[in-house]
Amino acid sequence: MADLLGSILSSMERPPQVGDQESRRKAKEQAARMKKMQEHERRQKVEFRKRMEQEVSQFIQDSTQTRRKFESMGKIERSIVHDVVEVAGLTSFSFGDDEETRYVMIFKKEFAPSDEELEAYRRGEEWDPTKAEEKKRLKELTLREAQADALRAPATVRPATDYKDKYTHLIGKEAAKDAAHTLQANKAYGCVPVANKRDTRSIEEAMNEIRAKKRLKHEDGDAESVGS
């Protein structure tokens with residue numbers, strides 16, 4: 001019986017101590033504050049979404065506007081704007097280098113931004129359609145000129161200076177090739193016609209002559225030996 005009573009008493013929860021009661025009270029207060037904050041944030045998101053829906057609706061109805069830039073906002077707000085814009089059938093982009101300066105721009109579908117316009121916004125620049133069109137025109141003109149130059153025949157390269165001017169003191173006013181036609185042979189040394197310089201002998205005749213010269217030389221050598 002004693003054991004049974006002891007087991008029953010040990011299974012029963014002990015009455016909360018003063019410290020436990022204080023901890024539970026603080027936990028409840030903290031949970032209540034957290035719930036209140038979450039509810040406040042939820043209401044803020046709902047109100048912000050309603051306001052964005054109204055502004056996007058006004059933007060759609062205004063035929064004079066093709067794009068709109070919103071003020072800098074946080075990540076959650078930007079996500080709400082993107083969602084509202086997508087539901088409305090528009091296009092939206094976020095720009096900015098850091099979270100504090102990032103903003104959203106929305107565009108009507110028929111006035112969707114070009115790649116050049118997006119690059120300008122990403123660089124933090126203002127988009128000027130007139131300047132962009134002029135820049136595009138000049139770029140196309142440069143490209144066409146480059147293609148036309150590639151199709152043309154290569155231009156004749158003309159040196160800035162003539163080598164004749166540089167070596168005038170050596171070759172005179174006339175080029176050496178032109179002057180060669182007017183040269184006269186020095187009669188003191190004679191002038192042998194080109195035809196006389198050619199060897200008209202056959203190979204066999206030339207070889208026989210060479211053998212005869214060798215034989216004659218050999219015979220002259222023997223004669224000198226006998227005489228001595």
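Position 1 is the first residue of the sequence, and the numbers go up from there.
- Residues satisfying the side-chain contact (heavy atoms from CB on, under 4.5 Å) criterion with K131, sequence neighbours excluded, are D128.
- Using a 4.5 Å heavy-atom cutoff, the side chains of R43 and V46 are not in contact.
- In this structure, NZ in K109 is found 8.0 Å from CG in L90, a value given to the nearest 0.5 Å.
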*Might you work through the side-chain contact (heavy atoms from CB on, under 4.5 Å) test for T66 and F107, ending with a clear yes or no?*
CA-CA 6 Å; T66 60; F107 303 82; over 6 Å; no

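- Annotation for R67 and F111: closest pair NH2-O, 4.5 Å, computed over non-hydrogen atoms.
- Side-chain contact between R49 and D83 is present, with heavy atoms from C-beta onward closer than 4.5 Å.
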*For side-chain contact (heavy atoms from CB on, under 4.5 Å), just list the numbers for K26 and Q30, CA-CA rounded to whole Å, side-chain angles, deciding distance to a tenth of an Å, and then say yes or no.*
CA-CA 6 Å; K26 290 183 178 180; Q30 185 176 1; over 6 Å; no

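- In the hydrophobic clustering of this structure, F59 groups with F70; members are Ile, Leu, Val, Met, Phe, Trp, Tyr whose side-chain heavy atoms approach within less than 4.5 Å, directly or through other members.
- Of all heavy-atom pairs between G96 and R102, the closest is O-NH1, 2.7 Å.
- For E125, the CD atom sits in a packed shell: over 12 heavy atoms of surrounding residues, nucleotides or ligands are nearer than 6.0 Å.
- Linking ILVMFWY residues whenever their side-chain heavy atoms come closer than 4.5 Å, directly or via other members, places V56 and V81 in the same cluster.
- Annotation: E86, atom CD; neighbour count of heavy atoms from other residues, nucleotides and ligands within 6.0 Å does not exceed 12.
- Q61 places none of its side-chain heavy atoms less than 4.5 Å from the side chain of Q58.
- Annotation: side chain of E116 is in contact with side chain of W127 (closest heavy-atom distance under 4.5 Å).
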*asked:* One pair to check against salt bridge (Lys or Arg N to Asp or Glu O under 4.0 Å): R42 and E39. What are the steps and the verdict?
replied: CA-CA 5 Å; R42 188 187 68 81; E39 182 66 21; 2.6 Å; yes

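- Of all heavy-atom pairs between V104 and S92, the closest is CG1-CB, 4.2 Å.
- Atom NZ of K213 is separated from atom CG of L216 by 10.0 Å, given to the nearest 0.5 angstrom.
- No more than 12 heavy atoms of other residues, nucleotides or ligands shown are found within 6.0 angstrom of CD1 on I76.
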*Start with the C-alpha distance between R137 and E134, add both sets of side-chain angles, then the distance that settles salt bridge (Lys or Arg N to Asp or Glu O under 4.0 Å), and finish with yes or no.*
CA-CA 5 Å; R137 189 185 66 81; E134 180 65 17; 2.7 Å; yes

*Run the salt bridge (Lys or Arg N to Asp or Glu O under 4.0 Å) check on E55 and R51 step by step: do they pass?*
CA-CA 6 Å; E55 294 186 11; R51 182 159 56 88; 3.8 Å; yes

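- The line from CZ of F93 to CZ of R122 is 7.0 Å long, rounded to the nearest 0.5 Å.
- In the displayed structure, D97 atom CG is contacted under 6.0 Å by at most 12 heavy atoms of other residues, nucleotides or ligands.
- Contact check on K136 versus E133 returns no salt bridge, with no Lys/Arg side-chain nitrogen under 4.0 Å from an Asp/Glu carboxylate oxygen.
- Here E209 contributes atom CD and E205 contributes atom CD; the two are 9.0 Å apart, rounded to the nearest 0.5 Å.
- Heavy-atom minimum distance, M105 versus Y103: CG-CE1, 3.5 Å.
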*Passes side-chain contact (heavy atoms from CB on, under 4.5 Å), N208 versus R211? Steps please.*
CA-CA 5 Å; N208 291 336; R211 293 191 190 99; 3.0 Å; yes

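- For an aromatic pair to be called close, the ring centres must be under 6.0 Å apart, and F95 with Y121 satisfies this.
- Atom CG of residue D62 and atom OG of residue S57 lie 11.0 Å apart, to the nearest 0.5 angstrom.
- The structure places NE2 of H82 at 10.5 Å from CD1 of I106, a figure rounded to the nearest 0.5 Å.
- Counting heavy atoms from C-beta outward, R78 and E99 have side chains that approach closer than 4.5 Å.
- With a 6.0 Å radius and a threshold of 12 heavy atoms from other residues, nucleotides or ligands, E71 has its CD atom at or below the threshold.
- The backbone N or O of Q65 lies less than 3.5 Å from a partner atom in the side chain of K108, making a donor-acceptor pair.
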